[in-house]
There are 2 protein chains.
Amino acid sequence: MIVNESELAGALRAIVGPEHVDAGPKVHEEDTHDEALTGEPVTPAAVVRPSTTDEVRAILAVADSAGVPVVARGSGTGLCGGARPVADGIVVCFDRMNRILEVDEENHVAVVQPGVTLRELDDALRPVGLVYPVYPGEMSASLGGNVATNAGGMRAVRYGVTRHHVLGLELVLAGGEVLRTGGKFVKSSSGYDLTQLMVGSEGTLALVTEVTVKLAPRLAHNATLLAPFAALDLVAAAVSPILRCGVTPLILEYLDALAMDGIVRAAGLELGVPDDVRDAAAAYLIVVLESSHADRLEQDAETVAELLGGRLGALDVYVLPPTAGAELIAARERAFFVGKTLGVNDVVDTVVPRAEIPAFLAEAAELAAEHQAVVSGCGHVGDGNVHLSVIQPDPDRRHDLLDALYRAARDHGGAVSGEHGIGTEKQSYWLELEDPAKVALMRRIKAAFDPNGILGPGRLLDAPVHAAGATSTASSHGGEGAR
Amino acid sequence: MIVNESELAGALRAIVGPEHVDAGPKVHEEDTHDEALTGEPVTPAAVVRPSTTDEVRAILAVADSAGVPVVARGSGTGLCGGARPVADGIVVCFDRMNRILEVDEENHVAVVQPGVTLRELDDALRPVGLVYPVYPGEMSASLGGNVATNAGGMRAVRYGVTRHHVLGLELVLAGGEVLRTGGKFVKSSSGYDLTQLMVGSEGTLALVTEVTVKLAPRLAHNATLLAPFAALDLVAAAVSPILRCGVTPLILEYLDALAMDGIVRAAGLELGVPDDVRDAAAAYLIVVLESSHADRLEQDAETVAELLGGRLGALDVYVLPPTAGAELIAARERAFFVGKTLGVNDVVDTVVPRAEIPAFLAEAAELAAEHQAVVSGCGHVGDGNVHLSVIQPDPDRRHDLLDALYRAARDHGGAVSGEHGIGTEKQSYWLELEDPAKVALMRRIKAAFDPNGILGPGRLLDAPVHAAGATSTASSHGGEGAR
């Protein structure tokens with residue numbers, strides 16, 4: 001029976017070796033938070049770094065019997081506190097489980113450990129002409145973390161999100177059972193889809209120790225079009241016609257003028273947009289096309305350019321040279337960090353039916369003015385996924401604004417998070433808006449996986465923690481944004 | 001308190017009106033079974049036909065409080081007994097909930113009631129240039145039934161299966177709560193994905209009363225290629241190279257010579273395959289391509305034809321005229337019914353990693369010989385989904401053969417069902433092969449939805465039925481194939 005933190009650390013050291021457990025003051029600062037802009041760092045009782053599934057199983061057995069909260073951590077690049085530790089709890093960090101176990105070219109499948117990063121996987125797939133096309137924009141993110149949040153990103157309009165690429169998992173239940181779900185096949189009707197239930201569950205159901213993902217052929221050619229518009233609603237109105245013109249874009253991204261200005265300055269980009277056009281532009285649409293055939297790509301680019309410059313009413317259309325196109329997308333990837341530098345206080349990641357984007361953005365602008373905030377937006381407009389950077393340093397006013405923005409998204413038929421997840425930081429907003437009967441059902445599902453509630457307390461559902469020593473809840477641990 | 005069948009029927013009549021309840025001898029024969037080849041028809045206590053969600057809610061309230069088993073029925077086209085009634089139970093038939101509530105052209109979404117058939121939806125979408133691309137080959141199937149089984153079909157290699165197109169649901173829990181999941185958006189990271197959990201749950205978790213599906217642009221042009229091969233393993237080996245040549249086929253279907261002969265005769269097709277080629281052919285590959293551009297289609301067809309006739313070793317390649325191509329696909333759709341006429345005793349729907357198909361089919365042929373059975377195959381070879389028609393009238397020998405085939409599929413990294421589901425008829429095989437810890441977890445999940453176990457007893461998980469009057473289990477109700 002473990003009764004104190006030193007016994008806990010001792011039990012963990014016996015499992016993974018002393019050098020892979022950090023406890024008390026030895027916990028590294030970077031393990032006390034993720035990239036969420038809100039919420040204070042939390043120092044856990046211990047950070048443990050397993051290297052095998054069996055070690056994960058043993059760690060959970062210790063935690064479950066002692067009633068110690070467990071938080072999973074990939075690369076810590078999450079934006080909602082999903083990997084934020086719980087005081088008195090364990091952080092299970094997967095950075096040592098970072099092997100690509102198999103690249104199966106015949107089946108277009110890769111099998112990886114959860115600590116593998118998107119960069120590592122991409123580097124392994126390039127030589128064989130395949131790609132894992134989910135592209136959340138942060139290549140240091142881990143596959144395990146991507147599974148936890150159902151990560152999306154710019155290419156979702158063509159390829160879908162993490163959910164659409166995870167074919168199978170190995171997972172460890174809190175009670176210590178190791179299960180395998182799915183496999184190297186693209187469909188199955190053989191019982192409940194536990195794989196899909198795990199994707200997006202933010203570490204609250206089980207720990208993932210292996211991921212089987214579907215790959216796609218890596219297409220050789222791509223082209224980037226940039227179209228400034230005089231009004232935001234024109235950008236949003238352009239989405240449906242583009243998606244129906246016989247071309248499937250790889251990326252369909254909007255940025256308002258403020259967001260574009262920020263990333264262009266930060267990256268020192270020269271896009272060739274004349275001053276008068278830039279002055280008249282309220283927002284930009286970026287369209288990236290890809291093809292296995294260079295001639296088709298050229299034809300598709302022409303089709304989209306004509307559409308944009310014609311009845312869709314763009315101020316102009318620029319077909320960027322390959323280098324400038326890649327730089328623009330790379331700069332867009334860093335929009336979050338640019339915002340952070342510029343003093344953005346929080347980021348909203350709502351999703352709405354894509355035809356609702358103009359109305360939602362108009363309402364968001366009104367709400368921003370009403371709450372004396374600066375709100376700048378960009379996002380995956382082809383998916384209806386809007387990222388709003390909010391500058392309003394006063395936590396109360398900001399809270400009220402976010403609450404109003406989430407309500408607006410819901411009223412437009414949308415949801416709180418399109419791809420970032422709920423974590424600790426968006427939990428209070430989400431719980432406030434979600435149907436209590438659905439939340440109650442989700443809690444019963446969680447109890448089916450994790451009866452003692454040791455996994456991820458204080459985030460997502462905030463399942464009550466029955467175990468001794470695990471008193472953390474969102475209300476005691478959430479940051480200022482989590483009221 | 002309901003104590004007998006007459007009181008039950010009375011309570012149901014009070015909800016939906018007397019003309020929409022059939023009880024006792026008034027139950028129609030076609031409501032006593034689905035299209036499964038095994039298993040005897042079962043007459044339920046009553047068949048009830050609600051027309052609104054509120055009626056469904058009221059029916060479940062009656063059933064849950066009285067502990068009466070409930071089986072959902074769409075069009076009854078399932079192949080595994082998923083809609084087979086339980087004696088003393090209710091069948092909730094959704095054929096009156098058959099309205100297309102909305103076709104949303106801006107968002108590429110349709111909202112339908114569960115009784116809408118694929119044919120009805122397709123007819124509504126054709127005029128607006130959109131398509132619901134899931135194509136299980138039986139256009140009288142209902143959307144509700146497709147959600148229950150996670151229906152697949154020939155176009156899955158390009159578009160995926162039902163799971164990949166269901167964006168949201170309205171569902172009614174056994175306890176009477178009405179929940180809405182998802183919505184008109186293509187991605188979300190806002191809590192557990194209840195939509196995905198419902199898809200493929202075969203009516204055992206909740207009843208679906210509304211389905212929101214994603215649509216695709218309807219492409220104008222398609223072409224059908226037919227390639228005979230001298231050996232089955234050459235067909236399977238052709239799949240990966242085709243999927244990597246820069247072309248995404250709409251359909252990639254194989255038929256062995258026996259299956260092709262059966263459908264060609266039954267449909268009276270003239271495909272232009274000379275006698276000597278037909279005599280040398282052990283199997284055929286059908287490749288259907290589609291495109292928004294006629295010239296690209298022609299180029300793609302040429303690419304695939306060269307590949308097939310070149311290094312992939314087809315005996316010949318026929319580009320079928322449009323009418324013959326459509327007729328061949330229509331004939332392939334009817335393969336199940338052709339098999340039924342020819343005395344097929346059961347159908348196997350295993351899925352394996354697609355690169356395992358040659359090895360699996362070779363093993364299947366050995367097993368067939370060993371069990372004195374005739375096994376003929378066709379299937380969605382691009383998905384690794386193999387349909388084997390089994391002729392072996394002796395139930396014991398057939399059972400042993402099926403068991404061996406499912407074990408072989410598992411040993412090749414596959415699963416029992418790719419798209420038909422488990423139902424009552426494949427339940428014993430699946431339960432025998434599945435990890436007991438996973439089945440136990442699924443049962444806990446079922447209990448989170450349906451604590452009294454009234455939904456779909458005796459199928460899939462065979463959750464114990466605690467309620468009085470509901471004594472049916474697979475072992476007492478399953479047909480001969482369900483031992």
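Computed from heavy atoms alone, side chains included, the values below leave out hydrogens, waters and symmetry copies.
- Using cut-offs of 30° and 60° for the angle between ring planes, the B:Y429 and B:Y406 rings count as tilted.
- For B:L219, no part lies under 4.5 angstrom from a heavy atom of chain A.
- A 6.0 Å sphere centred on CD of B:E298 holds no more than 12 heavy atoms belonging to other residues, nucleotides or ligands.
- Of the atoms belonging to B:E105, heavy atoms from both backbone and side chain fall under 4.5 Å from chain A.
- Residue contact with chain A, scored on non-hydrogen atoms closer than 4.5 Å, involves the backbone and the side chain of B:S201 alike.
- For chain A, no part of B:A216 is nearby; none of its heavy atoms comes within less than 4.5 Å.
- Ring-plane geometry between B:H387 and B:H420 is classed as tilted, the angle between the planes lying from 30 to 60 degrees on a 0 to 90 degree scale.
- Between chain A and the options B:D383, B:V416, B:V109, heavy-atom pairs under 4.5 Å are most frequent for B:D383.
- For the set B:A156, B:S292, B:P353, the count of heavy-atom pairs under 4.5 angstrom toward chain A peaks at B:P353.
- Within residues 238-247 of chain B, the residues that have a heavy atom under 4.5 Å from a heavy atom of chain A are B:S240, B:L243, B:R244, B:G246, listed by number.
- For a residue to count as touching a neighbouring chain, one of its non-hydrogen atoms must lie under 4.5 Å from one of that chain's; by this rule B:H380 touches chain A with the side chain only.
- For the set B:R354, B:Q196, B:E356, the entry with the most heavy-atom pairs within less than 4.5 Å of chain A is B:R354.
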